[in-house]
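Below is one structure; the comments refer to it alone.
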Amino acid sequence: MSRLLVSILVALLASVPLWLTDFYYLHVLIVTGIFIVAAMSLNLLLGYTGQLSLGHVAFFGIGAYTSALVSLGFEVHILPDVTVGMAPKPVWFAMLCATAVAGLTGYAIGKLSFRVRGAYFVIVSISFAEVVRLVALNWVELTQGPMALNNIPALTLGFDGFELSFLRKPAFYLLVLTMLVVCYVIIARLVNSRAGRAMIALRENESLAMSVGIDVTRYLVVATVVSAAMAGMAGALYTHYIRIVDPDIFLFIYTVTMVIMVVTGGKGTLAGPIVGGVIFGIVPEVLRGMEIRPEVQWIAYGVLMVLVVYFLPRGIVPAIESYMSSRRRAPKGEAVAVAPEAPQQ
Amino acid sequence: MRKLIGPIATAAILAGSLATGAVAQETIKIGVTQPLTGAFAASGNYVAQGAKIAEDEINKAGGVLGKKIQLIIEDNKSNPTEAVSTVEKLIEKDKVPVLMGAWSSTLTLAVMPKLQEYRVPMVVETSSSGKITTSGNPYIFRISPTSEMEAKAFQPLVAKMGIKKADFLYTNNDFGIGSGAEYAKMLKANGVKIGVMETMDPKATDFSAQLAKIKAAGGDTLFVTTAVEQLTLILKQAKEQQLKVRIVSCGGSNSPDQLIEQAGAAANGSYHTTFFPPWFPEVTKNPDVSKRYMAEWKKRGHNVGGLTEGYRGYDGIYVAVAGIKAAGKADPEAIRKALWGVHVKGVYGDISFMKQGPAGKESGQNVPTVYLVEIKDGKVVKTSF
Amino acid sequence: MGELVQHLLNATILGGTYALLGIGLTLIFGIMRVVNFTHGELYAFGAYCMYALAMLLGVNFFVALVLAMILGAALGAVLEIVLLSRLRGADIDTTMLVMIGAWIVMQNTEQLVWSGVALSIANPFPADPLVMGPLSVSWNRVFVFAAALLLIAGTYHLVNRTRLGKAMRATFQDRDTAALMGIRIDRIHTATFALGSSLAAAAGALLGPVFVVAPTMGDLAASKAFAIVILGGLGSVTGATLGGFILAFVEEIGAGYISSGYRDAMGFLLIILILLVRPTGLFAQKERIG
């Protein structure tokens with residue numbers, strides 16, 4: 001997509017609060033937007049390095065909990081007479097902490113779990129998320145366990161006399177949109193850099209990448225850190241929007257939602273998670289609007305997923321791109337260049 | 001790209017406007033959010049069925065303020081985020097002036113900030129966590145009892161049942177932990193020794209490790225707090241492990257009829273707290289209301305085991321409607337104020353609200369009657385205490 | 001002392017159950033490399049078949065068990081032919097997404113058909129448990145344990161000692177060579193998936209009467225199965241069996257002597273611990289890395 005088109009699209013999206021009077025749709029857009037940021041971060045791992053992380057919700061949840069705890073303040077006993085605590089801090093600072101903590105966790109997990117690949121990596125990532133969930137559930141002194149951290153403050157920016165509150169939906173929507181654009185730019189820069197090419201190289205053929213001197217684990221860890229930090233930021237946004245966080249934030253279904261967004265949209269493409277996210281963020285609302293039983297809504301959702309994979313196995317964005325280039329009757333070579341390489345077996 | 005998104009977005013908006021547009025102006029809407037799919041689907045559907053009975057009865061009797069009521073029931077998928085979404089939808093799109101929900105304590109806690117943000121009151125029909133009414137949310141009106149109330153109601157029975165040493169097994173969520181803590185506090189105050197306090201994941205199906213530990217602890221009574229599915233398994237597995245203690249289930253989501261059907265002989269000799277005993281409706285505060293509800297439930301062919309859940313939705317709707325009637329208009333703030341004065345003859349008993357929580361932003365809390373029943377020879381009987 | 005022995009007995013009985021859950025998944029996930037999210041639903045399917053046959057149609061308990069396994073295999077074959085056969089050679093995440101879709105559809109179909117209310121299945125065993133001194137265990141569980149060992153032994157024999165098993169292993173090790181050797185690749189894929197599904201359905205049919213039958217029952221079973229398979233190593237029937245027993249012991253002892261709140265975390269903690277100490281896993285296989 002050309003830069004102009006992107007700018008127009010962003011401007012169009014930014015104008016939404018001006019003409020969309022029904023705040024419920026704005027709510028749907030906000031939640032969808034937050035999950036798109038999370039899906040974009042997952043795409044960095046899944047799409048660009050080829051590692052299927054099914055524990056991504058852990059980073060999202062760690063971000064949410066960190067931000068909630070820093071903004072609320074906490075105190076825990078590490079040893080019987082050693083307490084660690086923190087007074088409540090401003091929300092913007094809490095969100096930065098969330099990003100940092102999630103990124104650090106990403107570093108540790110990357111170092112640890114990239115000792116294995118493929119199917120093993122899949123389960124290790126699931127295990128990691130499950131352990132984090134159970135810690136959040138059982139470390140009641142810190143997280144309040146299932147009683148949830150509530151009354152989490154909303155984001156306000158500014159100083160005495162001039163405060164910008166993000167409690168209202170239009171302001172929060174614009175904040176999410178800004179984050180989305182920032183993350184998009186970061187990912188675009190990263191994948192087009194030397195590090196990004198190294199990642200794609202190892203996705204395509206790891207042993208070949210290794211043999212030409214690419215430090216595979218290092219680039220995987222870099223990707224995980226950036227990806228985890230972004231997911232943590234998305235989690236922080238989410239927690240200050242919903243304003244409650246409990247261990248259910250680590251539910252597997254949220255990871256599934258992110259994977260659906262990435263794979264149906266087109267993994268390894270910049271626009272993929274956005275397109276997939278918009279569609280699978282809106283579909284449940286369309287289904288909710290129809291007067292059918294909730295089970296049937298779920299069934300329709302599942303069938304739609306399967307159909308998208310069948311008819312557009314590489315995702316929607318690559319399919320549109322190759323359709324467009326075939327319409328332009330470009331020489332064959334160029335059409336192949338636009339579409340990502342066929343997945344290896 | 002826009003080619004694809006355009007039609008879908010249009011469809012979304014169209015579908016939405018059709019759903020609201022089709023409804024004529026003369027109804028008053030009440031929003032209901034319940035877990036209709038997912039882990040709590042069984043109970044959520046019962047509550048929704050009870051709510052629909054109330055809707056039909058009220059409309060048959062002429063509705064409220066000269067208008068018919070219309071329930072808009074949304075599925076929160078047993079998931080807190082979805083619960084928030086349903087409340088957003090009910091308030092922002094359907095413009096309901098009052099809500100009822102959201103079954104489990106976690107789901108209710110999740111939607112509470114939204115009630116405050118939009119200033120819309122909600123009748124809470126099932127959740128028991130103390131935090132719901134003590135955290136300073138003036139839009140909460142709870143008709144179900146808190147764990148503390150339940151434990152207090154149990155107090156006179158401690159000596160009568162001869163409880164000397166008690167052990168606990170509860171689910172690791174607000175409901176279970178809250179109940180365990182309140183009962184333990186009450187028992188301790190009455191001189192009962194507390195043995196082990198074991199937890200279980202709400203989805204777990206095997207409790208052999210916990211039960212072996214409880215057996216070794218050697219108490220005379222085991223207090224269990226969970227929903228009926230796990231309770232069935234605990235009764236069965238306690239028998240398998242020859243755990244010869246008296247089992248008391250707390251929390252009122254225990255459906256003794258279902259226990260008898262599914263746990264069979266293993267259910268004999270167990271005790272259950274409930275807030276509505278459909279086996280002897282004559283003991284309830286308003287027997288005529290209880291019988292009317294039961295008759296309609298059976299007439300509709302709903303599962304008899306669900307009687308002990310469905311009444312929550314039934315009463316919840318009556319309370320919401322009483323609030324609308326007392327307010328004189330379908331306005332959230334007016335309904336909130338009016339709910340403080342309502343008196344509803346319900347299955348839960350005589351429902352009215354007392355103040356709970358920090359001064360100035362109290363939540364409403366009803367005080368229902370708590371019953372203890374026993375399963376004896378495959379039948380539910382009144383306890384002999 | 002009595003408590004410890006009871007814990008060990010419980011763990012052994014539970015271990016048989018877990019092993020049974022694990023071996024079905026290890027075939028599909030371990031050999032076929034399909035992240036099979038329908039495993040839990042096939043388990044639930046087995047349990048619902050058992051309910052429909054034994055409770056509604058009055059079929060003999062043991063006959064119903066066999067029928068549930070056959071129906072499970074049939075459903076597995078259908079799933080493989082309809083959903084997976086077109087995606088041969090696709091990425092692990094593409095097939096996974098299809099399986100997630102199938103999981104959502106299957107679970108909600110169960111709720112639509114049977115409602116969310118839990119059901120229970122009567123069993124023909126004595127209601128009183130088998131008592132040995134301070135220990136006791138239900139007859140139904142003893143039967144499940146025996147049946148599980150039998151199924152595990154049968155599966156082991158099938159995979160390691162028969163022509164079909166050889167063909168399976170060959171196919172998933174090297175498709176092209178296997179095809180050249182005259183193995184009918186498509187049939188092997190379908191057969192493997194059907195076998196794994198049948199084992200999942202068997203687990204459901206055996207455990208349905210022990211626990212209760214509900215639409216979400218498969219989720220827990222699936223999460224246990226995934227933990228078992230990685231503990232034991234992918235694709236190995238022996239590994240999955242050992243993994244099942246290890247998980248059961250760790251859970252039981254963890255819940256008994258550490259904290260029951262962390263009971264379900266034990267397996268996952270163990271996986272992470274193993275990774276820290278021995279990245280190649282408990283039962284090292286060279287395919288594990290890279």
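One finds the CG atom of A/L137 at 7.0 Å from the CG atom of B/D201 (value rounded to the nearest 0.5 Å). Of the inter-residue distances, the one linking A/Q297 atom CD with B/T37 atom OG1 reads 8.5 Å to the nearest 0.5 angstrom. Rounding to the nearest 0.5 angstrom, the gap separating the CG atom in B/L36 from the CD atom in A/E295 is 7.5 Å. Atom NZ of A/K169 sits about 4.5 Å away from atom CD of B/E117, to the nearest 0.5 Å. Taking CG of B/L109 as the start and CG of A/N151 as the end, the distance is 9.5 Å to the nearest 0.5 Å. Atom CD in B/E82 sits 9.0 Å away from atom CD1 in A/I253 (nearest 0.5 Å).
Cation-pi contact between B/K114 and A/Y241: present, with separation from the ring centre below 6.0 Å and deviation from the ring axis of at most 45°.
Other residues, nucleotides and ligands place no more than 12 heavy atoms under 6.0 Å from the CZ atom of B/R119. Under a cut-off of 6.0 angstrom, the local environment of NZ in B/K361 is sparse, with at most 12 non-hydrogen atoms contributed by other residues, nucleotides or ligands.
Contacts between A/I242 and chain B at a heavy-atom distance below 4.5 Å involve backbone atoms as well as side-chain atoms. For A/Q144, the part lying under 4.5 angstrom from a heavy atom of chain B is the side chain only.
Each of B/K89, B/E92, B/K93, B/E88 was compared with A/Y25 under the side-chain contact (heavy atoms from CB on, under 4.5 Å) criterion, and only B/K93 meets it.
Across B/I177, B/I91, B/N137, the residue that shares the most heavy-atom pairs under 4.5 angstrom with chain A is B/I177. Comparing B/V84, B/T199, B/N79 by how many heavy-atom pairs each has under 4.5 Å with chain A, the most go to B/N79. Counting heavy-atom pairs under 4.5 Å between each of B/S129, B/G178, B/P80, B/G176 and chain A puts B/P80 at the top.
Residues B/S85 and A/H27 meet the side-chain proximity criterion, which asks for heavy atoms closer than 4.5 Å.
For the residue pair A/N138/B/N172, the side-chain donor-acceptor check at 3.5 Å is satisfied.
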